[in-house]
Amino acid sequence: MSTTNALLRGAAIAIAVAGFVDPAVTISGSVRPKLAVAIAQPSVEADRVRARLRADLESSFEIRPAIASDIDAAIVIGNRYVGEPVPEKLPIATVTIVEESASVRIARVDAPPDVPAATAIHVGVDLEARAADGRTTDVIVRIGGLEVGRVSHRWDEVRPKPDTADQVRPKPDITHDGRPAVQRWRTALDVVPVGAAPYVVRIEAITSDSRAVADTLVDLRREPFRVQFYEPRPSWAATFVRRALESDARFEVAGISYSSRGIAARTQGDVPLGDPRLDQVDVVIVGGLDKLSAGDVRSLDRFMRERGGAVVLLPDERITGGPSLDLFAGAATERLLERPAKLAVEPPAASIAASELLVIHAGGPGAAVLASLPGGDVQPVVVSVARGDGRLLVSGAMDAWRFRAADHMAFDRFWQSAVAGLALSVPAPVSIGVEPPLLWPGGRSDVTVRLRSHREGPISATLNGNQPIRLTPGAEAGVFHGTIATGVAAGHLRLDVTAGDANSLTASRSVVVQAGVRPLSPGPTPSLAMLSSSHHGIDVTAGRLADVERFVRRAAVPSVARVEHRPMRSLWWLVPFISCLCAEWWMRRRRGLR
């Protein structure tokens, strides 16, 4: 055997033996530290700063998008301290994005999470103004870039006046150091949705020297409002209200009407008051109140207080006794008019007429007057009050059904609007809260799922039908919490929740990921510099990023780690092993050997 053959065969045998022994080799080297570059409040400027920091630091650090327990240092970009828990000894630097100071701020936006088709969106806006005295603010609502509503407000002149002693005496709305106090104003607009759902609703508050913007999300409600009628005896008022709702496609109407003891007319889908399935109903409308039993009253009270449902009472005579008195929202005075009076309502509600009236003396937190007698003193006739988590509406327009054909069917339009408003305020059996529902790409939302009926069984949540979302029980019974972490791509997401085994309850909620959205900013909060000062860091503006880079390079140095490596487990050793065997075999064959 030649020397070359011996060397080739020996090399192949050595590779095979080394692969069988599998020796371990310990290597010492430096490990890149982990650096979190997180955004506290999304904005175009914050994205630009993060991209600059990633480009400068990714060669020296392992960049993470959020603060976690295993990172070595962090950079937080924004303008407010969000108060999220972070490791106590973690070095943190902050980059404060300086916002233009606005004299008018959007403090609150109220909008329903969803609306039925062909229904206006009721948008409530709270504004706060500083040093805006005498100026005018235009509140503009846009959907899909189109203006769908506008209202203007002129702020009061707030100027201190000198008193007789030539000193400045602050007015009640002036602080003691002479600075203007905050002025507040609330407005509401009913806007018509345009385009495809879900609707991104943008609210702009434009003043001469400032512009505040807030976005919110309103989805399309695809399920009809479920309305249950209950008449322990036939009632004309309930009959014609039912006909008004049956002519509106937004409602799914069912009912039970007792014509005599043990004999009742029922519709498909009706549910007795004592049945647990009543919790799937949004509104219960009751006529023939004098025949209500004590059990009926208890069931209706539980439906409002625990389920959060709405109950409408339609008396056709003054109630002087019986269990139904426990449901009334206060005392009632009967008024009989010679001619029907057209009741005063808040636009755009239709005005109904009646001559047999109950003036309802009810008040308290959450009370609202839907219709009243015209005149100087407010004499409520149709009143809505809070009852536990739900609402109770009492109509004192006892014979309004007689004039249902007047004023282009105003009776039908009034009750369709009133019941739809009540149903919109009723929480679903499974309600999903997503905050915020509008996300910047790469953002996170907190999910809260609330079960109104604390049924046993599993609860699950998925995003777009394939990505599971983990839900953990909260401190309150029937409440679960989770988190949605979006990717970098914009688009519409769908969160689906299923609760229970048999007869499971389901609910869905839309989440929109879109660059350029402006979720409502909270009120005054501590500055972001508070986070860095409490973690031995530095706070800089966007123009001093070099200082931040020097800080994190000093705070998070590469660590030395010993790593055990087994080189023979690499498949690449097959190449020289097979090459040596093939070469040795070829050389032997050339010499005529086997």
* Asked: Where do Leu531 and Ser534 come nearest, in terms of heavy atoms and distance?
  ->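 What the structure gives for the nearest pair is O-OG, 3.0 Å.
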Looking only at atom types and distance, does a side-chain atom of [X] sit under 3.5 Å from a main-chain N or O of [Y], one as donor and one as acceptor?
X	Y	answer
Arg105	Ala107	no
Ser532	Ala529	yes
Arg307	Pro427	yes
Asp126	Arg186	no

* To do: Before accepting this row, confirm whether a basic side-chain N of the pair Arg221/Asp282 lies closer than 4.0 Å to the acidic partner's carboxylate O.
  => yes
What I want to check is whether the side chains of [X] and [Y] have a donor and an acceptor closer together than 3.5 Å.
X	Y	answer
Asp219	Ser510	yes
Thr207	Thr137	yes
Arg391	Ser425	no

* Applying ring pair (Phe, Tyr, Trp, His ring centres under 6.0 Å), name anything that partners His153, two or more places apart in sequence or on another chain. =>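 Checked His153 against ring pair (Phe, Tyr, Trp, His ring centres under 6.0 Å); matches are Trp155, Trp185.
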* Name all pairs fulfilling the salt bridge (Lys or Arg N to Asp or Glu O under 4.0 Å) condition that reach into residues 462-475, sequence neighbours left out, sorted by first residue then second. => none
* To do: Only pairs at least two apart or in different chains count here, so list each salt bridge (Lys or Arg N to Asp or Glu O under 4.0 Å) that has a residue in residues 474-486.
  =>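 Listed once each, the pairs are Arg450-Glu476.
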